[in-house]
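All chains are named by letter (A, B, ...) in the order of the sequence lines, taking the proteins before the strands, and each is independently numbered beginning at 1. Computed from a predicted structure; not experimentally measured. When reading the values below, keep in mind they use all heavy atoms of this one structure, side chains included, and skip hydrogens, waters and symmetry mates.
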Amino acid sequence: MADVDQRSAGVAIAAEHVRKHFGHVEALRDASLQASFGEVVALFGDNGAGKSTFLRVLQGIYRPDSGRIVVNNAQVALSSVRDAQRLGVDTVHQDLSLAPDLSVIDNMFLGHEVLRRRSLRAVGALDRRRMAEQTEAALRELSISLPSLRVPVRDLSGGQRQAVAVARAVMWSSAALLMDEPTAALGARQSEKVCELIRTVASRGLGVVVVSHDLPRILSIADRVVVLWRGATVLDVPSKGLTVPDVVATMVGYRQEAHE
Amino acid sequence: MVDAAVAEARDSLSNEVDTRAVPRSRWRELLATRASAIFLLDVLLFIVFTVLSSHGVFASLADVKALLLAGTEALLLAVGLSLMLGAGIFDLSLGANLVLSSVVGAKIINALAITGPNGTATHVGVAALAGVGGALATGALFGLVNGSLIAYARINSLIATLGTLGIGMGIAYVVTNGSDVAGLPTPLQQSFGLRTVGPIPLPALVALAVAAVAWLSVRFTRFGTRTLAIGSSRVAASRAGIRVTRYIVALAALAGTFAGIAGFIDISHYGSTVVNGHANDALNAVTAAVIGGTLLEGGRVSIPGAVWGTALAVILQGGLVVIGVSSYYQLMAVGGALILAVGLDRFTVQRREQG
């Protein structure tokens, strides 16, 4: 995994000393993380530690009160999800955000549909052939195999749906991929496959930030581990040598002084 | 079923790729749809009624024309409603919209066409054009109000359109003082309402053209895909950057415009408004759409299903009359068919989810 780091060209996404409060509640006090290109960063934290808020800051949903956001080596101000997407940051939501009645192809291109040329373009006719080709290519790139691209996503298994959601986000992001609890709804074997997929995504050059409660699995595929505790980053280290008990202890606040 | 069981067994043997979601061949898929089932039911009923009617009169040209004309307005409403259902929204006010649009159209025509002492009218062409415009504009505006209430005021579509149903009918009664606007110039009927192109009434042709365009839109365009995406998962659609509120307003306005067309067809067919004849139109549209396979929950639309669902109601209505059974039984038959069709579907969906 270390050699991936060598190939990376700087910062895919980073947040430095981010503060965010809602009324009297200080959700984030001093949150930081950094994912280089080609790197998987695990973001751990107990419930209420501020993981969701932090993720939403990176997604462009919340504007931080203070602190810096960096995307693709440049400081940016994200004021909407669209902003983040334009800069190449896309998200795989916990609920996957797929339209279950639409086919894999239509889901991959939702909001980015490819239209036919000339007069058919004016009436919004879809170029499903090209959409199918690009979908196939995108899935092949990530070594995802599906029984069919034309069936409704509803008919796929949980792991297959997760794979479609990841492939879609990868297709439309150029800098970083944010993942919210990618293994929460999956069985053991499917979780393993998704973890493999996360590594594949990183090896294709994107920076990946994974928020998860699935410590053992995500720890084993992460390059770096960031732990949030009461709205602040209390641990930001390479994953090498780190054990699940270490992480848990930090998450609940016992061992933070040991790493400071 | 045997195929499915075999597929399951084979599946559990090969652990590599989960292949349960392999699509059937296009032909088998088409045969398995609800629209096809209802179409076959239509054909069956048509044959049965033809055999049972004296001298096979049910299949006569005049009868078929009457059937087509009877289904025209219902089809326009069913197609508009299907599109709305695709996005997961509902419209109970389509019948009221039809009535109000017909009243506005009729008033405009009567105001512009000058009827002479011997019944001949002048300026009918201009008056008719203005009437079409008035009816369509009223329908679109009615839908626009519905859509705005649903999308911007965030009122549940059932409640919003229940409200506008009352308001629309109320306005129609106020404008007409409770009596129908009659005495529309007869050229209106001759040149449009009762005119046929070959064996097909011109209004039915209009409705079928609308249905065809709607079908193409659902299947092959960005508009259709995004509509279904909204009905399938509103959150997913809006996260994908689709402007959900705009789509909802547009869909409601579109269904309203179709109701406006139906309103104009109503007056050009009867030569008068039929204010009290459309109380059940919206619910009939729901029946036709849902019977044909469109999901009330959104995300799945079948325009052919709406066509065959509308035809089912019309064939039962006409057929029972022809064989001398009270048409009251038509209500029961259509109601029964609706419950049966949706009930069978639930059964198969459950099987699939358990399997």
Backbone N/O of Asp101(A) and side chain of Ser232(B): donor-acceptor pair under 3.5 Å
yes
Of all of Ser238(B), Gly224(B), Ala229(B), which one pairs up most often with chain A through heavy atoms under 4.5 Å apart?
Ala229(B)
Which bit of Leu115(A) is near chain B, if near means a heavy-atom gap under 4.5 Å: side chain, backbone, both or neither?
side chain
For Asp90(A), is it the side chain, the backbone, both or neither that has a heavy atom under 4.5 Å from a heavy atom of chain B?
neither
What closest approach, in Å, do Arg128(A) and Arg219(B) show between heavy atoms, and which atom pair accounts for it?
NH1-O, 2.7 Å
Nearest 0.5 Å, what's the CZ-CG distance between Arg239(B) and Leu98(A)?
10.5 Å
At what distance, to the nearest 0.5 angstrom, does CZ of Arg116(A) lie from CZ of Phe220(B)?
9.0 Å
What's the separation between atom OG1 in Thr221(B) and atom CG in Leu126(A), rounded to the nearest 0.5 Å?
6.0 Å
Roughly how far, to the nearest 0.5 Å, is the CG atom of Leu110(A) from the CG atom of Leu228(B)?
10.5 Å
Heavy-atom nearest pair, Ala99(A) first then Ser233(B), reads CA-CB, 4.4 Å
Check the surroundings of atom NE2 in His21(A): do more than 12 heavy atoms from other residues, nucleotides or ligands lie under 6.0 Å from it?
no
